[in-house]
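Notes follow the structure.
Keep in mind that what you see is a predicted model, and the values were worked out from it rather than measured. Just so you know, these numbers use all the heavy atoms, side chains as well, and skip hydrogens, waters and symmetry mates.
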Amino acid sequence: MMLPKKYRETMRGLLGEEYSAYEASFSEEARTALRINTAKISPEQWQEICPFETEPVPWTKKGFLLKNPAESPAKHPYYYAGLYYIQEPSAMIPAAILPVQKGERVLDLCAAPGGKATELAAKLQGEGVLVANDISVSRGMALAKNLQIAGAKNAVVTAEAPEKLVEHFPEYFDKILIDAPCSGEGMFRRDSHMIQDWEERGPAYYVDIQKQILASAYEMLRQGGSLVYSTCTFSPMEDEEMVLWFIRQYPDMHVCMVEEKPGFSSGNPDWVAQETSDKEREELRRCIRIFPHRAAGEGHFAVLLQKGEDSGEKACDNGVQKFSGSQVDNIETSQSYVQGIPKKKRHGCNSGQDMLVKRRRDCNSALDIPKETKRWTSLFGLSDSNIVVKKDTAILEGEIARYLQGLRCIQTGLIVGNCKKRFEPSVQFALTLSDTTVFPRINLPVDDIRVIRYLKGETIQDVAVEGEERMDLTDGYVLLCVDGFALGWGKYTGNGTVKNKYYAGWRMQ
């Protein structure tokens, strides 16, 4: 691989005698890894059923490096069940070090395609709210799909510029993750097209974009909250210098210490062009770098910051640090916060409740939910007051919905099903259900050929239904599972036959 001359000279200046080892790493194959979705399975349970030959990712117990590059984890039924996400190993670091707690308000500001967002959703454990944003609608569609496969119950997907989100969410979020657009130097080995982009633009092109994103994130972060800024580039201009600009621009932002892991390198204040104080140099050393010649990853930069109280020498406990006063017990408590938003930011509504009522008038309201749909939602204990019907689609929305008017939204909540004629439950809803859900189901072992046939959209035959006596309540719908993990729906027609209801757009090719 031919690296640009200017890039080689820059990296040689940064790495010195290590540069030859760095350049030699381009002759090695890029590593692929899986990050386990702990919303569905623990790392320990995964190791008992793992069908691949793997080794641990050093910086997270949820990560597993594939040893055999010929294996196809995207073709395995466990992937369709949302048990794992295929992710470049060093890209696992940003979400791993953001200390998300159950029930918090979390924003992934540059979220597509969803590797970090799905991990943040797992950390929330189905409570609180995750707003996953990407300025591109097409990338946002892919982001929404990945969150749906992961079984995220409380995720909203938007496609907006960060400064537009500030108008709706001033000081709203407890935690924010920014995996910023960057020159992509850490992706050269995996994607040679990034080299051409670097030659056409270079690191300087992204600096103003990154500053704008960070400034917007600051406005949306609560006092006491924390923020991760990350890139997949080695450029100090986009990394240490960007962090230095941020903490100077906003003196109440402080860099937190993060537990050191094998493969981590520290940030380097000597790579910064400006004069720095001893305190600033210490904070810059707390940044994390991954280099491909030192660790099993393409390359990444990440830093954890706190707004408000100076973190001083306090280290995060395995990437989790609790900040007093910043936690929200549940998103349902957000009513009082709406009342505190200045009127000019209420988008023409007199209160948060008025905003919610207006949204209800713009689509079918909770009062208009078909009886059959209500019967289904009652089976799962879903409150009718949180169900909105839009274009014949029943959606479970949280209190976050009141803030979304005027935003370009791809997903405002969990899609429960379609109620145009008779109610048809969605595959997105199926993927949120656990093995403890009381519902008629067909559970097939992973090596049963009928699992693949189901994922390809074929009719399934010779099956036994668990809980068959309840099918009169479900109109014959049964939950199809692999080793106890939900895949989607089928409709039992009798004599051991199930009509396939797997979503056509997601079928295995």
Side-chain angles (χ1 to χ4, degrees), residues 37 39-40 77 79-83 114 117-118 121 126 130 132 140-157 363-364 366 368-398 400-401 409-435 437-442 454-458 460 470-471 473-482 485-492 498-508:
N37 180 6
K40 298 195 174 195
Y79 175 79
Y80 287 80
L83 300 193
T118 50
L130 170 66
M141 296 291 286
L143 166 64
K145 177 184 175 181
N146 283 323
L147 282 165
Q148 291 162 3
I149 291 174
K153 303 175 183 178
N154 52 337
V156 168
V157 179
C363 59
N364 295 330
D368 298 327
I369 300 172
K371 290 182 179 180
E372 188 181 7
T373 302
K374 288 185 177 183
R375 178 170 61 82
W376 265 83
T377 56
S378 67
L379 289 174
F380 298 95
L382 303 180
S383 172
D384 289 343
S385 63
N386 292 328
I387 298 291
V388 175
V389 178
K390 293 187 282 190
K391 296 181 179 180
D392 300 315
T393 300
I395 303 171
L396 179 67
E397 293 185 345
I400 186 69
C409 295
I410 293 171
Q411 175 179 309
T412 60
L414 173 62
I415 299 171
V416 179
N418 183 280
C419 47
K420 184 175 182 178
K421 295 180 181 178
R422 297 183 66 83
F423 182 79
E424 296 183 2
S426 72
V427 65
Q428 293 92 339
F429 183 50
L431 288 164
T432 68
L433 302 177
S434 70
D435 58 359
T437 303
V438 180
F439 196 89
R441 67 180 61 219
I442 295 166
Y454 172 74
L455 292 172
K456 289 186 175 183
E458 299 176 15
I460 308 301
R470 292 176 56 86
M471 280 196 293
L473 299 175
T474 65
D475 304 316
Y477 277 96
V478 294
L479 190 64
L480 267 292
C481 303
V482 56
F485 300 101
L487 290 171
W489 305 102
K491 197 162 187 179
Y492 190 72
V498 173
K499 185 178 179 180
N500 199 302
K501 292 291 182 178
Y502 191 68
Y503 177 53
W506 288 9
R507 287 175 183 170
M508 183 182 288

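- Using a 4.5 Å heavy-atom cutoff, the side chains of Q411 and Q148 are in contact.
- In this structure the side chain of N418 never reaches within 4.5 angstrom of the side chain of S426, judged on heavy atoms.
- A donor-acceptor pair under 3.5 Å is absent between the side-chain atoms of K40 and the main chain of A486, judged by distance alone.
- Heavy atoms only, all atoms of each residue included: A81 and V482 are closest at CB-CG1, 4.2 Å.
- Residues V389 and C419 form a side-chain contact, since some pair of their non-hydrogen atoms from C-beta on lies under 4.5 Å apart.
- The closest side-chain heavy-atom distance from I442 to I460 is not below 4.5 Å.
- Counting heavy atoms from C-beta outward, R507 and K456 have side chains that stay 4.5 Å or more apart.
- Within the model, atoms CZ of R422 and CG of D475 stand 5.0 Å from one another, a figure rounded to the nearest 0.5 Å.
- Under a 4.0 Å N-O distance rule, the pair E397/K390 qualifies as a salt bridge.
- Ring pair Y503/W489: centre-to-centre distance not below 6.0 Å.
- Residues A430 and L479 share a closest heavy-atom pair of CB-CD1, 3.7 Å.
- If you look at F429 and F380, their ring centroids are closer than 6.0 Å.
- For the atom pair I395 CD1 and I387 CD1, the distance stands at 9.0 Å (nearest 0.5 Å).
- Interatomic distance, L431 CG to L147 CG, rounded to the nearest 0.5 Å: 12.0 Å.
- Distance OH/Y454 to NZ/K501: 10.5 Å, rounded to 0.5 Å.
- The structure places OG1 of T412 at 11.5 Å from CD1 of I410, a figure rounded to the nearest 0.5 Å.
- Residues W506 and Q428 have side chains in contact (heavy-atom distance under 4.5 Å, counting atoms from C-beta outward).
- Using cut-offs of 30° and 60° for the angle between ring planes, the W376 and F423 rings count as tilted.
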Determine, step by step, whether F439 and L433 satisfy the side-chain contact (heavy atoms from CB on, under 4.5 Å) criterion, reporting the C-alpha distance in whole Å, the side-chain angles of both residues, the deciding distance to 0.1 Å, and the verdict. CA-CA 10 Å; F439 196 89; L433 302 177; 5.7 Å; no
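- V156 places none of its side-chain heavy atoms less than 4.5 Å from the side chain of L130.
- Summarising the geometry of R441 relative to C481, their closest heavy-atom pair is NH1-SG, 3.5 Å, with the distance given to 0.1 Å.
- With hydrogens and angles disregarded, no donor-acceptor distance shorter than 3.5 Å links the side chain of T373 to the backbone of I369.
- Residues Y477 and P425 form a side-chain contact, since some pair of their non-hydrogen atoms from C-beta on lies under 4.5 Å apart.
- One distance of note links OG1 of T474 with CZ of R375; it measures 8.0 Å at 0.5 Å rounding.
- Judged purely by atom type and a 3.5 angstrom limit, N37 uses its side chain to pair as donor or acceptor with the backbone of A39.
- Remark: M508 CE is packed, more than 12 non-hydrogen atoms of other residues, nucleotides or ligands lying under 6.0 Å away.
- Although no hydrogens or angles enter the test, the distance criterion places a donor-acceptor pair under 3.5 Å between the side chain of N500 and the main chain of E458.
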